[in-house]
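Written out below as structure tokens is the structure these notes cover.
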Amino acid sequence: MSPRDSSSTARSTDRASAIAHIALNGILALFFIYLFVRAGSLPESAWEPLGAGTFPRLILGLLILLNLALVAKEVPRIASSASLPDGLIRQWLWNHRLALGVLALFGTYTLTVPLLGFRLASFLFLMLVQGLLGARRPRALLIALVIALLFSVGIHALFQNVFSISLPRGMFD
């Protein structure tokens, strides 16, 4: 491989990395925008003079700005690098499949909590994530089941009984 070929490959990899960062940060920014809008519908509280959604909206607004700044930082890298060789994006997606899978499951989880309730949605999310990450054998599945039950029911009980905070109830609660 000549030095010219290796520099061309490095630029292609740099461009693929820039595109991946733009896609990921763009998706996260959209997700944070959705949560920002949803935070406006949090119920009013007698103890919170600015409203219950103020702090979450502040944090989400900062996250949105951070993601958009990261996108803006990556745009010049696309223009200054070579075109992508065939299969590089597919290879990147394959190399990051677990992270993307967990991100997709988390997005699904946030959408299903209002429908299924915290306990059931959390249980399903935890079981699916553990299955995605490799819990396939009976012993590993049993451990995954115990973890999912402890966290979904335990966190719900902690918030309900200790903090006196009601978590979302679903159609099966």
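Computation of the quantities below employed the complete heavy-atom set of this structure, encompassing side-chain atoms and omitting hydrogens, waters and symmetry-equivalent molecules. Residue indices begin at 1 and follow the sequence shown.
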For [X] versus [Y], what's the shortest heavy-atom pair and its separation?
X: Ile22; Y: Glu74; result: CG1-CB, 3.5 Å
X: Ala135; Y: Ala144; result: CB-CB, 4.3 Å
X: Ser152; Y: Leu126; result: N-CD1, 4.4 Å
X: Leu167; Y: Ile155; result: CD1-O, 4.2 Å
X: Leu141; Y: Met127; result: O-CE, 4.5 Å

Quiz prompt | Euclidean distance, Leu35 CG relative to Ile59 CD1, rounded to 0.5 Å | solution =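 It is 13.0 Å, given to the nearest 0.5 Å.
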Quiz item: To the nearest 0.5 Å, how far apart are CZ in Arg97 and CG in Leu132?
Solution: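 So the CZ of Arg97 and the CG of Leu132 are separated by 9.0 Å.
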Quiz prompt | Polar side-chain atom of Arg119 near backbone of Val153 as donor-acceptor pair, under 3.5 Å | solution = no
Self-check item: Residue pairs involving residues 116-153 (criterion ring pair (Phe, Tyr, Trp, His ring centres under 6.0 Å); sequence neighbours excluded)
Solution: Tyr109-Phe125
Quiz prompt | Same cluster (ILVMFWY, side-chain, under 4.5 Å), Leu105 and Leu98 | solution = yes
Quiz item: Are side-chain heavy atoms of Leu116 and Leu124 found at a separation under 4.5 Å?
Solution: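 Yes, at least one pair of side-chain atoms sits under 4.5 Å.
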Identify all side-chain donor-acceptor contacts of residues 24-31 below 3.5 Å with residues at least two apart in sequence or on another chain.
{"unit_1": "Asn25", "atom_1": "OD1", "unit_2": "Asn67", "atom_2": "ND2", "d": "2.7"}
{"unit_1": "Asn25", "atom_1": "ND2", "unit_2": "His21", "atom_2": "O", "d": "2.9"}

